[in-house]
Amino acid sequence: LLYIHDETLVCFLYFPDPDDYQPPIWKSYLYQLQQEAPRPKRITCPQEVSASVNVKKFHGMISREYADELLADKEGSYLIRESQRQPGTHTLALSFGHQTLNYRLFYDGKHFVGEKRFESVHDLVTDALITLYIETKAAEYIAKMTTNPIYEHLGYTSLLKDKMVHRLSRGRTEPRRVTFQSDDRVSLSISSPVVRRSALKDTPEKLSSYEKIHNFKVHTFRGPHWCEYCANFMWGLIAQGVRCSDCGLNVHKQCSKLVPSDCQPDLRRIKKVYSCDLTTLVKAHNTTRPMVVDMCIREIELRGMKSEGLYRVSGFSEHIEDVRLAFDRDGEKADISGSAYADINIIAGALKLYLRDLPIPVITFDLYSKFIQAAKLPNAESRLEAIHEGLLQLPPAHYETLRYLMAHLKRVTTFEKYNLMNAENLGIVFGPTLMQPPEQNALTTLNDMRQQKLVVQLMIEHEDVLF
């Protein structure tokens with residue numbers, strides 16, 4: 001519901017529980033300025049000019065002075081001329097603020113003078129006049145508009161955040177450090193950061209929240225839109241602001257830098273499961289780990305732990321692709337049972353493909369070198385300590401996924417008599433799957449393979465210590 005009250009545009013958004021929400025007051029000052037901005041008026045050429053730009057507003061090669069005369073005292077008027085300084089190039093001459101502004105005009109299927117691209121020169125000029133007018137009239141206002149944001153005060157924002165933290169926290173573990181209790185009577189304090197946590201396996205875990213940055217992309221809004229961070233109007237004809245492609249939050253480009261990392265993805269916006277950011281996926285589905293990891297591991301432990309060469313033997317690539325499509329299409333309802341895929345190597349291959357295709361690996365790009373350097377340490381205890389410190393820095397969703405996977409792989413090794421897979425073999429398989437250098441350099445990957453294998457091997461062997 002929109003209405004004007006005391007020259008302020010008020011927007012009411014309705015939610016199931018009105019007690020939890022206070023409607024923001026959208027600020028109308030910039031909207032009013034856009035309405036006041038000069039309208040474009042093209043100056044047509046009185047005679048036909050042969051040119052590559054086949055439009056009536058093209059005036060051929062005329063001087064700046066003559067262009068000034070044609071545009072004089074006609075606010076918002078514009079024409080296109082061929083540059084005298086650079087023949088073959090075109091200049092957009094625009095009258096604004098009692099002066100002529102000249103811009104180099106480009107065309108690549110659309111018209112542009114900067115980042116924005118327009119279907120017509122008329123639209124380009126319309127947008128330019130709006131921007132020039134608002135930034136001239138309200139420069140000080142725009143500079144200060146982020147100082148008193150409404151974002152943290154919106155009832156639906158805090159309510160959503162509280163609900164999501166509560167739902168996501170169930171059953172989730174948090175990385176632990178040095179001190180723990182083995183029972184109710186004895187407290188053990190270990191000097192090393194790496195401590196044995198097996199005594200804590202059945203005790204309640206401290207809860208933690210998943211943070212996720214917004215995935216902002218430039219967006220063109222149809223009709224008036226207001227920034228959901230500062231409550232000010234998003235001006236312009238196209239590309240007025242940015243929208244989070246995961247949760248739909250709409251803000252100014254400058255405001256996007258100030259929005260906290262509290263994105264709660266909307267499941268309707270998540271188009272696929274594979275190749276989707278790990279944190280985005282688990283927040284969208286309100287789970288602690290990706291469904292692919294849980295479902296594939298559950299199926300493998302149900303019927304594949306004794307399969308010779310588990311994770312090392314490849315399944316048919318066409319069938320693995322079928323599993324991927326099933327998850328992308330059906331999500332947690334995907335059928336990966338034995339009746340659908342009798343060969344367990346297909347499910348194992350689908351799990352490896354999911355982990356390999358993550359846009360940010362389970363061991364993130366920014367921590368890659370830390371883990372590689374840890375594997376190079378000569379002292380065994382120092383290696384474990386360094387790996388442990390790296391694990392503590394992983395994003396919560398990445399940590400939980402890795403913890404769950406390593407516990408599973410540890411169980412796989414207990415069936416080595418049948419599947420012939422030990423921690424070293426699994427390290428070779430999962431090293432380059434879980435760890436990838438940020439520069440995606442083939443030589444770097446080749447040189448780091450030994451360290452990648454060792455990191456995963458140690459995490460499997462010391463899973464009860466490191467996690």
Side-chain angles (χ1 to χ4, degrees), residues 164 167-176 197 201 205-213 246 261 263 265 270 272-301 311 323-324 327-328 331-332 334 336 347-368 370-371 387-412 423 426-427 429-436 452 455-460 462-467:
M164 289 306 105
R167 293 171 69 181
L168 280 169
S169 293
R170 292 182 218 161
R172 184 169 63 244
T173 60
E174 181 184 74
R176 294 288 188 102
R197 297 184 58 219
K201 292 297 180 181
E205 296 284 358
K206 182 180 177 181
L207 303 179
S208 63
S209 61
Y210 284 15
E211 286 191 352
K212 180 191 176 307
I213 62 173
D246 294 334
S261 299
C263 176
I270 307 301
K272 56 186 178 180
V273 172
Y274 276 65
S275 302
C276 176
D277 171 66
L278 198 155
T279 302
T280 299
L281 188 68
V282 299
K283 292 203 74 173
H285 289 271
N286 297 329
T287 58
T288 56
R289 294 175 301 274
M291 68 183 77
V292 179
V293 175
D294 276 8
M295 291 175 64
C296 287
I297 287 179
R298 191 182 309 125
E299 194 66 27
I300 290 166
E301 296 199 351
Y311 289 117
V323 174
R324 182 187 72 80
F327 275 116
D328 283 343
E332 60 188 11
I336 60 171
I347 308 304
L351 175 58
K352 290 189 294 180
L353 178 64
Y354 171 77
L355 297 171
R356 188 166 58 248
D357 280 359
L358 286 171
I360 301 175
V362 177
I363 293 178
T364 57
F365 290 127
D366 57 334
L367 291 174
Y368 177 83
K370 187 178 184 68
F371 280 89
I387 290 173
H388 179 67
E389 287 300 317
L391 292 173
L392 294 175
Q393 296 176 44
L394 285 172
H398 288 246
Y399 176 90
E400 177 60 26
T401 300
L402 191 60
R403 181 196 68 80
Y404 190 75
L405 178 64
M406 291 303 110
H408 162 66
L409 295 180
K410 182 70 171 285
R411 291 191 290 273
V412 169
L426 291 167
V429 172
F430 281 93
T433 299
L434 299 174
M435 306 176 62
Q436 298 169 27
Q452 291 173 348
V455 167
V456 175
Q457 178 182 340
L458 291 173
M459 287 193 296
I460 296 171
H462 302 279
E463 171 269 333
D464 56 344
V465 174
L466 292 171
F467 293 91

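Keep in mind that the numbers below use all heavy atoms, side chains included, and drop hydrogens, waters and symmetry copies.
- Looking at residues two or more places apart in sequence or on another chain, you find a side-chain hydrogen bond (donor to acceptor under 3.5 Å, both in side chains) between H408 and E301, Y311.
- At a threshold of 4.5 Å between non-hydrogen side-chain atoms, the residues P290 and V273 do not count as touching.
- Taking CG of L281 as the reference point, atom NZ of K212 lies at 11.0 Å (rounded to 0.5 Å).
- Taking both residues in full, the closest heavy atoms of I300 and A348 are given as CD1-CA, 3.8 Å, listed atom of the first, atom of the second, then distance.
- With sequence neighbours left out, T364 forms a side-chain hydrogen bond (donor to acceptor under 3.5 Å, both in side chains) with D366.
- A donor-acceptor pair is defined here as one N or O able to donate and one able to accept, closer than 3.5 Å; no such pair exists between the side chain of H398 and the backbone of Q393.
- Atom OG1 of residue T401 and atom CG of residue L355 lie 8.0 Å apart, to the nearest 0.5 angstrom.
- The side-chain hydrogen bond (donor to acceptor under 3.5 Å, both in side chains) search around Y368 returns D448, Q452, not counting sequence neighbours.
- Residues in residues 350-361 take part in no side chain to side chain donor-acceptor pair (under 3.5 Å) pair, two or more places apart or across chains.
- M295 and E332 make their closest contact through CE-O, 3.5 Å (heavy atoms, listed as atom of the first residue, atom of the second, distance).
- The side chain to side chain contact (heavy atoms under 4.5 Å, CB included) search around A284 returns P265, L267, I270, not counting sequence neighbours.
- For D277 (side chain) and P359 (main-chain N/O), no donor-acceptor pair under 3.5 Å exists by modelled atom type.
- Considering OG1 of T287 and CG of D294, their distance stands at 7.0 Å, rounded to 0.5 Å.
- When side chains are defined from C-beta on, L278 does not count as touching I360, because their heavy atoms never get closer than 4.5 Å.
- Scanning all heavy atoms of the two residues, the minimum distance from L405 to L351 falls at CD1-CD2, 4.4 Å.
- Contact check for V456 versus L426: no side-chain heavy atoms found under the 4.5 Å cut-off.
- Of all non-hydrogen atoms in M291 and G331, the two that sit nearest each other are SD-C, 3.3 Å.
- Separation of atoms CG (L367) and CE (M435) is listed at 9.5 Å; rounding is to 0.5 Å.
- Contact between I363 and F371 at its shortest, heavy atoms only, is CG2-CD1, 3.6 Å.
- The side-chain heavy atoms of I460 and F430, taken from C-beta on, include no pair separated by under 4.5 Å.
- L402 approaches F467 most closely through the heavy-atom pair CG-CZ, 3.9 Å.
- Going from atom NE2 of H462 over to atom NZ of K410 covers 8.5 Å, rounded to the nearest 0.5 Å.
- The side-chain heavy atoms of K370 and E389, taken from C-beta on, include a pair separated by under 4.5 Å.
- Both cation-pi conditions hold for R289 and Y404: the charged atom is under 6.0 angstrom from the six-membered ring centre and inside a 45 degree cone around its axis.
- Taking CD1 of I347 as the start and CD1 of I297 as the end, the distance is 12.5 Å to the nearest 0.5 Å.
- L466 is listed as a side-chain neighbour of L391, based on a closest heavy-atom distance under 4.5 Å.
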